[in-house]
Amino acid sequence: HFITTRVAPVAGNERLHGLDIASQPANLAALLYSRDTDLPAMSASFQLVQRIGKFGPADGVIIRLPVFTPGPPPASVAERRARFAGSLAASFRVSTLISSALPEETRAQLDVRVTDVTGRGQGTKELFRSSASRPLAMDVPDSLRFHAERDIVYGGRTWRMVMDGTPSSLD
């Protein structure tokens, strides 16, 4: 069991106090990954407890850092597990995080999709879509279409960002 004992700010996060991280598989996986690697870890997207029943998206990710007992940095997985004292976490509403990272003109002119493709055999999950309802012009030759794709790797996760546009959407 990994019980949440401190939260900041308290306002808006009251539901987190006493939460057992083991009850959230994606959050627990990030905690264990960070403990075993001594690296930042990002969870898969899941519904944030503090957002349930509130206006706006509840989808989120947690970024975790391990905390070890005093002494030199642990040198092995076994030592990290033995000296593990807890974990620091920061939660983010994932669709809001991605939207705020993209310039407004990019979101307005391009169809931008961000998908978590970590563990491709386990399926993918769309995290963000800027213009799901805007059709791309079909009568534009492929040579004039804009397409860019990039994988972003962080904290044990891989997000794929795909941007598409046509001259009519790039005015």
Side-chain angles (χ1 to χ4, degrees), residues 4 7-17 19 21 23-34 37 39-66 87-171:
T4 304
V7 296
V10 173
N13 291 306
E14 295 86 356
R15 291 180 183 167
L16 292 176
H17 191 68
L19 175 72
I21 301 307
S23 70
Q24 300 177 320
N27 197 355
L28 178 62
L31 181 144
L32 298 175
Y33 178 90
S34 71
T37 62
L39 295 170
M42 184 168 56
S43 73
S45 176
F46 68 100
Q47 187 174 39
L48 297 173
V49 168
Q50 63 270 44
R51 296 293 310 158
I52 295 173
K54 293 187 178 179
F55 178 75
D59 61 323
V61 294
I62 307 290
I63 297 178
R64 291 202 161 269
L65 293 170
S87 179
L88 298 173
S91 60
F92 300 90
R93 286 185 288 167
V94 70
S95 56
T96 304
L97 175 71
I98 296 168
S99 179
S100 66
L102 293 170
E104 185 177 341
E105 59 272 11
T106 299
R107 288 181 275 122
Q109 295 176 0
L110 297 172
D111 180 23
V112 180
R113 296 174 313 281
V114 179
T115 306
D116 188 336
V117 296
T118 307
R120 287 170 184 83
Q122 302 166 2
T124 62
K125 182 174 182 181
E126 185 170 271
L127 303 172
F128 175 83
R129 186 174 192 116
S130 67
S131 56
S133 63
R134 184 180 65 240
L136 296 177
M138 291 300 165
D139 58 346
V140 175
D142 286 346
S143 62
L144 295 178
R145 292 180 185 272
F146 173 79
H147 176 83
E149 191 171 309
R150 179 177 181 201
D151 284 354
I152 303 160
V153 179
Y154 178 78
R157 312 255 3 127
T158 303
W159 289 1
R160 177 163 298 144
M161 182 169 59
V162 177
M163 296 186 291
D164 288 299
T166 61
S168 63
S169 67
L170 298 174
D171 294 338

Sub-3.5 Å donor-acceptor pair from the side chain of [X] to the main-chain atoms of [Y], do we have one?
{"X": "Ser99", "Y": "Ser95", "answer": "no"}
{"X": "Ser130", "Y": "Leu110", "answer": "yes"}
{"X": "Asp116", "Y": "Leu127", "answer": "no"}
{"X": "Ser45", "Y": "Val61", "answer": "no"}

(message) Assess the residue pair His147 and Val162 against the criterion (side-chain contact (heavy atoms from CB on, under 4.5 Å)); give the C-alpha distance rounded to whole Å, side-chain angles, the decisive distance to 0.1 Å, and a yes or no.
(response) CA-CA 7 Å; His147 176 83; Val162 177; 3.5 Å; yes
(request) Evaluate the side-chain contact (heavy atoms from CB on, under 4.5 Å) criterion for residues Val7 and Gln50: first the C-alpha distance (whole Å), next the side-chain angles of each, then the deciding distance (0.1 Å), finally the verdict. (result) CA-CA 11 Å; Val7 296; Gln50 63 270 44; over 6 Å; no
Would you give the length of the straight line joining atom [atom1] of [X] to atom [atom2] of [Y], rounded to the nearest 0.5 angstrom?
{"X": "Asp151", "Y": "Met161", "atom1": "CG", "atom2": "CE", "result": "10.0 Å"}
{"X": "Asn13", "Y": "Leu19", "atom1": "CG", "atom2": "CG", "result": "11.0 Å"}
{"X": "Thr96", "Y": "Asp59", "atom1": "OG1", "atom2": "CG", "result": "7.0 Å"}
{"X": "Leu97", "Y": "Ile63", "atom1": "CG", "atom2": "CD1", "result": "7.5 Å"}

(message) The criterion is side-chain hydrogen bond (donor to acceptor under 3.5 Å, both in side chains); which residues satisfy it with His17, sequence neighbours excluded?
(response) none
(request) Could you list the residues that satisfy side-chain hydrogen bond (donor to acceptor under 3.5 Å, both in side chains) with Arg113, not counting sequence neighbours? (result) Asp111, Asp164
If you take all heavy atoms of [X] and [Y], which pair is closest and at what distance?
{"X": "Ser87", "Y": "Leu31", "result": "CB-CD1, 3.8 Å"}
{"X": "Tyr33", "Y": "Pro40", "result": "CE2-O, 4.1 Å"}
{"X": "Thr4", "Y": "Leu16", "result": "CB-O, 3.2 Å"}
{"X": "Phe128", "Y": "Leu102", "result": "CE2-CD1, 3.6 Å"}
{"X": "Ala30", "Y": "Met42", "result": "CB-C, 4.0 Å"}
{"X": "Arg160", "Y": "Glu149", "result": "CD-OE2, 3.4 Å"}

(message) Pair Ile62, Gln24 - check side-chain contact (heavy atoms from CB on, under 4.5 Å), show working.
(response) CA-CA 11 Å; Ile62 307 290; Gln24 300 177 320; 5.8 Å; no
(request) Kindly determine whether Arg64 and Ile21 satisfy side-chain contact (heavy atoms from CB on, under 4.5 Å), including the steps that lead there. (result) CA-CA 12 Å; Arg64 291 202 161 269; Ile21 301 307; 3.4 Å; yes
(request) Check whether more than 12 heavy atoms from other residues, nucleotides or ligands sit under 6.0 Å from atom CD of Glu104, and answer yes or no. (result) no
